[in-house]
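Below is one structure, written out as structure tokens; comments come after it.
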Amino acid sequence: MTTKIAIFGVGLIGGSLALCFKGKPDLYVTGYTHLPELIHTYQEREVVDHATLSIEEAALDADFIFLCVPVSLIGTYLDKLSHLPLKQGCIITDVGSTKASVIAHAAQLNLDSVYFIGGHPMAGSERAGVGAASALLFENAYYVLTPPENVPQDVVDRLGNLIEQTTRAQIVKVEPVMHDEIVGAISHLPHVIAVALVNQIRQYNQENPLYRMLAAGGFRDITRIASSDPIVWRDILLNNRQIILSLLEDWNRGVAEFIELLRQQDSRGIEEQFEKAGAFRDQLPERRKGMIASLYDLYLEVPDHPGIIGKITTEIGNQGINISNVQIVESREDVPGVMRLSFRQEHDMEKAKIMLQDQQYSVFV
């Protein structure tokens, strides 16, 4: 018997899920979009088995419905689905990064013989859209499920088994409010801090353009997430507003403590802050994907030869190695003319490093 999966919003997350499902025995994937121009894109990339502009058609006889739309639209789609004759036993889930409000909204609807289970894949990319979708996006990542108490365990297992067997992610079940608190701390708060820090430097740069010129390398790396989609993050932060406000108050207390340490010239206190942070950070998983996408970078000196950049990237591509980004760094710790190659997978970085060293390039990690 064929299992029908409907995906609403076939972008980075929805498209990656579709690629995980598509082609598997007995799974049939329908993608819904409200934009006619995306139908051709879905078909051209062969992301789904069928694409449609009709919510009714996508939901018809679906065994699973994945709502991969912005957080602000999940409630709207749940409302629409609640008025359709969905298949008995259908499981609806979402991929939003906030869960408590979504669970509360679903609980108010009349989903007769249909189940809603909150979901959140803890994986991402610096890119967006269906063009960035990858069947490997969720591999070795945590995929959080937040099932309401009234959903039977066998229903939760059905969804969990589908995700585990197709995406190779690890299922973790978390209570919705706890999920929002944890994700707020490890993802939402860092995004706010990165944006605030970049805007602080932007203001300084208005008086002195040296700030932007010298903010290469490390500063650009640690603030990468400040370039995230403004609309997506507006909705996330407003949806998780109370928790973010509480986290920012805690952050302000931590900053105030540093201010006092500096005022008192408390050298030992400053050392202890770095020691405690370093000890905890060393315990964080290194090979597990998270919400903030990892990038693995190599730096190499670029000889002043015409066409050298194209030559290097072509040689890497010929080895079947995927490069996420290429950048020429104007200055990096007294090493001028440096190329930075970014990879999404650590094994790609290691393979490229060996290949480039074998060709006598000076490579730095």
Side-chain angles (χ1 to χ4, degrees), residues 71 97-98 122-128 180-267 269-284 286 289-297 299 324-325 327-334 338 340 342 344 365:
V71 170
S97 68
T98 57
M122 304 285 284
S125 170
E126 76 280 6
R127 295 164 45 190
D180 290 358
E181 291 173 348
I182 294 173
V183 171
I186 65 174
S187 176
H188 304 170
L189 178 63
H191 277 78
V192 173
I193 293 170
V195 168
L197 178 57
V198 171
N199 281 330
Q200 181 175 340
I201 302 306
R202 177 185 57 81
Q203 291 172 350
Y204 296 159
N205 188 73
Q206 292 174 356
E207 300 295 328
N208 185 349
L210 278 173
Y211 279 94
R212 184 176 64 181
M213 186 176 78
L214 298 179
F219 182 83
R220 183 180 175 87
D221 289 342
I222 65 173
T223 59
R224 174 167 52 92
I225 55 178
S227 296
S228 299
D229 188 312
I231 304 301
V232 170
W233 278 93
R234 175 201 67 191
D235 292 346
I236 290 173
L237 295 180
L238 289 176
N239 192 274
N240 206 24
R241 182 172 61 95
Q242 291 302 327
I243 288 174
I244 298 301
L245 286 172
S246 177
L247 290 167
L248 285 172
E249 289 171 359
D250 288 344
W251 170 259
N252 284 338
R253 282 191 285 272
V255 171
E257 185 176 350
F258 247 110
I259 291 173
E260 190 61 26
L261 289 172
L262 289 169
R263 281 178 176 160
Q264 299 297 327
Q265 300 185 56
D266 186 346
S267 58
I270 295 171
E271 289 177 19
E272 288 178 350
Q273 290 294 323
F274 276 86
E275 288 169 356
K276 288 186 290 187
F280 181 76
R281 186 178 182 277
D282 288 344
Q283 299 173 30
L284 301 180
E286 293 185 13
K289 292 181 182 177
M291 287 190 64
I292 300 175
S294 299
L295 284 182
Y296 301 95
D297 293 340
Y299 296 83
S324 171
N325 195 20
Q327 181 188 13
I328 303 302
V329 183
E330 293 183 353
S331 63
R332 177 177 170 270
E333 295 183 0
D334 301 323
V338 170
R340 176 167 59 189
S342 298
R344 292 191 185 85
V365 177

If you count heavy atoms of other groups shown closer than 6.0 angstrom to CZ of Phe258, is the number above 12?
yes
Whether over 12 other heavy atoms sit under 6.0 Å from Glu275 CD
yes
Decide yes or no on side-chain contact (heavy atoms from CB on, under 4.5 Å) for Ile243 and His188, but give the supporting numbers first.
CA-CA 10 Å; Ile243 288 174; His188 304 170; over 6 Å; no
If I take atom [atom1] from residue [X] and atom [atom2] from residue [Y], how far apart are they, to the nearest 0.5 angstrom?
| X | Y | atom1 | atom2 | result |
| --- | --- | --- | --- | --- |
| Leu247 | Asn252 | CG | CG | 11.0 Å |
| His191 | Ile236 | NE2 | CD1 | 7.5 Å |
| Ile270 | Gln264 | CD1 | CD | 11.0 Å |
| Arg212 | Ile201 | CZ | CD1 | 13.0 Å |
| Trp233 | Ser97 | CH2 | OG | 5.5 Å |
| Met122 | Ser187 | CE | OG | 7.0 Å |

Taking C-beta and beyond as the side chain, do Phe219 and Thr223 meet within less than 4.5 Å on heavy atoms?
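Yes - at least one pair of side-chain heavy atoms lies under 4.5 Å apart.
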Distance alone, cut at 3.5 Å: any donor-acceptor contact between the side chains of Arg202 and Asn199?
yes
Taking all heavy atoms of Pro190 and all of Gly184, pick out the closest pair and write down the distance.
CD-O, 4.3 Å
For the pair Asn240 (side chain) and Asp180 (backbone), establish whether a donor and an acceptor sit closer than 3.5 Å, ignoring hydrogens and angles.
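Indeed, once roles are kept as given, a pair shorter than 3.5 Å links the two residues.
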